[in-house]
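All ligand and atom numbering here is 1-based and tracks the order in the structure.
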Amino acid sequence: MQDYHEFLEEILIPPDKLQQRISELGKEISQDYQGRDIHLICILRGGVLFLADLMRQISVPVTVDFMAVSSYGAGVRQTTGQVRITYDLQEGIQGRDVLLVEDIVDSGYTIASVLRMLETRHPKSLCVCTLLDKYERREIEVPIHYCGFRIPNKFVFGYGLDLDEYYRNLPFIGTVDASRYHPTE
Ligand code: IMP
Ligand code: MG
């Protein structure tokens, strides 16, 4: 496995900026949901670091559940952008205030599809909190209620986000210099 220093273009968001912004988001969310419980749904796997830090900054009662989805067909997305649930929630969400926690919204197909699927289960409310918004790449309009950072159209890794499944453990968000990155077969 390549050392990330070999292909790191720049550190886009250092650890202290991540934590600062997540603390702000936690305060905002706590205010908005005052007097209610929040059922946090984390989309695996990229959202786990964000979830872990965000939930510690939320002061109203929270419960947590997880789901994983994958796109149909490797990389190529159909116009419907339908995704498939590979790991479903362990609890029902009917009548609950659900907040989806996502690492990044790119084309928007993943979150749009997840929202459609969850709506059919009749939550009381359903909102989206994403750490990163790669807005220039959006192909389908999706509601984003809470956003950590809007980022340029660059492939990023670290802090939960992977490059071929590695580097999720890094404490910062970095951009990749593709000419210097060599995925192992
Ligand atoms: P979307 O369906 O195009 O919005 O893609 C969302 C998913 O693609 C995210 O949940 C990530 O798993 C992945 N993704 C998109 N952009 C990046 C990136 O720059 N780095 C790592 N993963 C990404
Ligand atoms: Mg993801």
**OP:** Could you tell me whether Val156 and ligand 1 have an N or O pair separated by under 3.5 Å?
**Re:** yes

Original post:
Judging by distance only, is a nitrogen or oxygen of Leu161 under 3.5 angstrom from one on ligand 1?
Top reply: no

Original post:
When clusters are formed by joining ILVMFWY residues with side-chain heavy atoms under 4.5 Å apart, either directly or through shared neighbours, do Val176 and Val156 land in the same one?
Top reply: no

Subject >> SB check Arg138 Asp106 (cutoff 4.0 Å) >> reply: no

Subject >> NZ/NE/NH1/NH2 to OD/OE distance under 4.0 Å, Arg116 and Glu119 >> reply: no

Original post:
Closest approach of Leu44 and Ala68, non-hydrogen atoms and distance?
Top reply: CB-CB, 4.0 Å

Original post:
Between Phe172 and Tyr167, is the ring centre distance below 6.0 Å?
Top reply: no

Original post:
What do you reckon, are the aromatic ring centroids of Phe7 and Phe157 less than 6.0 Å apart?
Top reply: yes

Ligand 1 atoms in contact with [X] (distance to a heavy atom under 4.0 Å):
X	result
Glu102	10 (O)
Asp162	21 (C)
Thr110	1 (P), 2 (O), 5 (O), 6 (C)

Mind checking whether [X] contacts ligand 1 via backbone (N, CA, C, O), side chain (CB onward), both or neither, at a 4.0 Å heavy-atom cut-off?
X	value
Arg137	neither
Asp106	both
Asp103	side chain

**OP:** Mind checking the CD1-CZ spacing from Ile144 to Arg150? Nearest 0.5 Å is all I need.
**Re:** 8.5 Å

Original post:
So which of Tyr167, Phe155, Tyr109 gets nearest to atom 21 (C) of ligand 1, if we judge by its closest heavy atom?
Top reply: Phe155

Original post:
Going by heavy atoms, is Gly46 under 4.0 Å from ligand 1?
Top reply: no

Subject >> Residue-ligand contact Phe157/ligand 1, heavy atom below 4.0 Å >> reply: no

Subject >> Polar contact flag, side-chain donor to acceptor under 3.5 angstrom, Asp53-Tyr159 >> reply: yes

